[in-house]
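Only one structure is covered here, and it is reproduced in the block below.
Atoms considered below: every heavy atom in the structure, side chains included; atoms not considered: hydrogens, waters and symmetry mates. Being a predicted model, the structure only gives us computed values, none of them experimental. Order of appearance sets the numbers: ligands from 1, and atoms from 1 within every ligand.
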Amino acid sequence: MCGIVGYIGGKRAAEILVEGLHSLEYRGYDSAGIVVIEKSGAVLTRRTGHVTQLDEAVVAANLSGTVGIGHTRWATHGVPSEENAHPHSDCSGTTFVVHNGIIENHRELRAHLVESGHIFTSATDTEVVPHLIEYFLRDGKTFDDALIEALRMIRGAYALAILNTAEPDTIYVTKMSSPLVIGIGDDEHYIASD
Ligand code: GLU
């Protein structure tokens with residue numbers, strides 16, 4: 001079981017995400033990471049081991065963005081490592097995904113995507129998701145349609161939170177079997193596995 005957390009609002013997202021990941025530590029994990037959309041683009045910070053490792057890296061990065069997603073990983077596909085820690089992204093570094101669960105047909109999907117020229121940087125089942133979205137975006141689809149097409153192709157259990165750097169005011173969420181809750185506020189919204 002892993003943890004997903006997300007924040008969109010007016011406050012600095014990084015500290016809220018890390019605090020959320022600390023709250024989800026009880027679920028067990030082997031690595032953790034966040035991505036925050038900064039003015040300069042998406043900034044990814046991932047660490048193996050305890051969330052405190054991430055705390056230090058996030059403080060050092062001094063992120064001021066107000067949108068982000070985070071994850072504590074319990075490895076099912078691919079060893080615990082920084083490369084396999086979430087969030088995962090597509091080739092262009094514009095779509096970022098955190099995932100709880102297992103994509104059962106990841107091998108077939110990865111083979112198809114690699115054949116289409118996608119370059120994977122992790123051994124996870126999760127990484128097929130951002131590449132699959134990118135595959136449909138390259139096909140001319142809108143982000144919404146690309147996501148829907150990607151979801152039609154994946155089998156398994158999942159809670160997914162997705163950021164698209166071209167839409168810095170949006171976090172996409174979707175789930176099948178795995179838990180995910182949405183906290184709706186006046187000027188800010190949260191997502192979490194618990
Ligand atoms: N199957 C994914 C992985 O191994 C997600 C595991 C989890 O739920 O933390 O990265």
task = May I ask you to identify, for N100, whether its side chain, its backbone, both or neither come under 4.0 Å of ligand 1 on a heavy-atom basis?
result = both

ask   = What do you reckon, does N84 have a nitrogen or oxygen under 3.5 Å from a nitrogen or oxygen of ligand 1?
value = no

Parallel, tilted or perpendicular: ring planes of H118 versus H131, cut at 30 and 60 degrees = perpendicular

request  = Find out whether D145 and F136 are in side-chain contact, i.e. whether some heavy atom of one side chain is under 4.5 Å from a heavy atom of the other.
outcome  = no

task = Provide the number and element of each atom of ligand 1 under 4.0 Å from a heavy atom of C2.
result = 7 (C), 8 (O), 9 (O)

ask   = So, does T48 use its side chain to make a donor-acceptor pair with the main chain of E82 at under 3.5 Å?
value = no

task = Please work out whether any backbone atom (N, CA, C, O) or any side-chain heavy atom from C-beta onward of D125 is under 4.0 Å from ligand 1, and answer side chain, backbone, both or neither.
result = side chain

note = Under 4.0 Å from one or more heavy atoms of H77, ligand 1 contributes atoms 4 (O)

message = Keeping R73 on the side-chain end and H99 on the backbone end, is there a donor-acceptor pair under 3.5 Å?
response = no

request  = Check the surroundings of atom NE2 in H77: do more than 12 heavy atoms from other residues, nucleotides or ligands lie under 6.0 Å from it?
outcome  = yes

inquiry  = Counting only nitrogen or oxygen atoms and a 3.5 angstrom limit, does G101 reach ligand 1?
reply    = yes

request  = Answer yes if the ring centres of H112 and Y135 are under 6.0 angstrom apart, and no otherwise.
outcome  = yes

Ligand-side contact atoms (ligand 1) for residue partner H71, heavy atom cut-off under 4.0 Å = 9 (O)

query = When only distance counts, is R73 in polar contact with ligand 1, meaning an N/O pair under 3.5 Å?
reply = yes

